Amino acid sequence: MDFLLDLLQGAGIAAAIGIRPFLPVLLVGALAAANLGIDFSGTDFAFLEQAPALAIVLLLLALATFAVRRSGPDAPERQPYAAIFGALAVILGALQGAAALADRDHPILAGVIVGAACAALGFVAVRNLLQRTRRRLDAETAGTLPIYAEGAALTAAGLSVLFPPLAIVVIAGLVALLAGGRRRSGEKYAGLRILR
């Protein structure tokens, strides 16, 4: 049972990282440093709660913020930024998934696989949602979408650390977003075929 809860914790954190990669890593690092719901000390992943690694993540956040301000608020959904953000999310998700299992001395391989998969799921689902939503909004309102994404990522990460079973809700919500987006896309093309 402990293994399942720890795997869920890692999966929820990784899914949150997929939504937005940097703030969840900083939050989880701070919670781990304070031993609130998670603790990486004494594991091979202790660096995830230490100042140098958190400073690097903070620097990456600053660089990403600069790039987004320069290229527009939809930059994380466009190439090449999407590939960079997606790759970072998968790597950080795999690390956090492994670290969540290492916290209680479980084998980490399942955490690496589940963490990478959940981060990829979060990234793809939210990227598709933001792209669809952005098309329907005026520029000013669309500019606030990243704030909502960051808030959702922080909430998902915090809840997954403190109440690991809630990770099921986070992951199910991302699957529903992804499935709903694909269904709407299919309906749009079906409508176009009827018009011909």
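Quick note: numbers below take in every heavy atom, side chains included, and nothing from hydrogens, waters or symmetry partners. What you see is a predicted model, and the numbers here were worked out from it, not measured in a lab. Numbers for residues simply follow the sequence, beginning at 1.
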Taking all non-hydrogen atoms of both residues, which atom of [X] and which atom of [Y] are closest, and how far apart?
X      : Y      : answer
Ala89  : Ala119 : O-CB, 3.2 Å
Ser160 : Gly12  : OG-CA, 3.2 Å
Val28  : Ala157 : CG2-CB, 4.3 Å

What distance separates [X] [atom1] from [Y] [atom2], expressed to the nearest 0.5 Å?
X      : Y      : atom1 : atom2 : answer
Leu159 : Ile13  : CG    : CD1   : 11.5 Å
Cys118 : Ile171 : SG    : CD1   : 4.0 Å
Leu95  : Asp44  : CG    : CG    : 11.5 Å

Open item on the list: Does anything in residues 94-104 form a side-chain hydrogen bond (donor to acceptor under 3.5 Å, both in side chains)? List the pairs, not counting sequence neighbours.
Closed with: Asp6-Arg104
TODO: Not counting sequence neighbours, which residues clear side chain to side chain donor-acceptor pair (under 3.5 Å) with Asp2? List them please.
DONE: none
[X]: partners by side-chain contact (heavy atoms from CB on, under 4.5 Å), with sequence neighbours left out:
X      : result
Ala120 : Val90
Ala102 : Thr43, Phe45, Ile108
Ala110 : Phe3, Leu7, Leu101
Ala100 : Gln9, Ile38

Identify whether [X] and [Y] are in the same connected component of the hydrophobic contact network (ILVMFWY, side-chain heavy atoms under 4.5 Å).
X      : Y      : answer
Ile19  : Val114 : no
Phe123 : Val175 : yes
Tyr148 : Leu27  : no
Leu36  : Leu26  : yes

Open item on the list: I need the full list of salt bridge (Lys or Arg N to Asp or Glu O under 4.0 Å) pairs touching residues 81-92, with sequence neighbours left out, sorted by first then second residue.
Closed with: none
Task: salt bridge (Lys or Arg N to Asp or Glu O under 4.0 Å): pairs with one or both residues in residues 150-162, sequence neighbours excluded - done: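 Listed by first then second residue: Arg20-Glu150.
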- [ ] Evaluate the criterion side-chain contact (heavy atoms from CB on, under 4.5 Å) for residue pair Leu177 and Asn128; output intermediate values, then yes/no.
- [x] CA-CA 8 Å; Leu177 276 177; Asn128 289 345; over 6 Å; no
- [ ] Decide yes or no for Phe22 and Ile17: does some side-chain heavy atom of the first lie under 4.5 Å from some side-chain heavy atom of the second?
- [x] no
Open item on the list: Show every ring pair (Phe, Tyr, Trp, His ring centres under 6.0 Å) that has at least one partner inside residues 154-176, sequence neighbours left out.
Closed with: none
Considering only distance and modelled atom types, tabulate donor-acceptor pairs under 3.5 Å from the side chains of residues 47-62, sequence neighbours left out.
unit_1	atom_1	unit_2	atom_2	d
Glu49	OE1	Phe40	N	2.9
Glu49	OE2	Ser41	OG	3.1

Open item on the list: Main chain of Leu137, side chain of Thr141: is a donor-acceptor contact present, judged purely on distance under 3.5 Å?
Closed with: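 Answer holds: no.
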Task: Apart from Leu109 itself, residues in the same hydrophobic cluster as defined by side-chain heavy atoms under 4.5 Å - done: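 Reading the cluster by chain and number, Leu109 sits alongside Ile113.
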Open item on the list: Starting from Leu4 and following side-chain heavy-atom contacts under 4.5 Å between hydrophobic residues (I, L, V, M, F, W, Y), which residues can be reached?
Closed with: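 Reading the cluster by chain and number, Leu4 sits alongside Leu8, Ile168.
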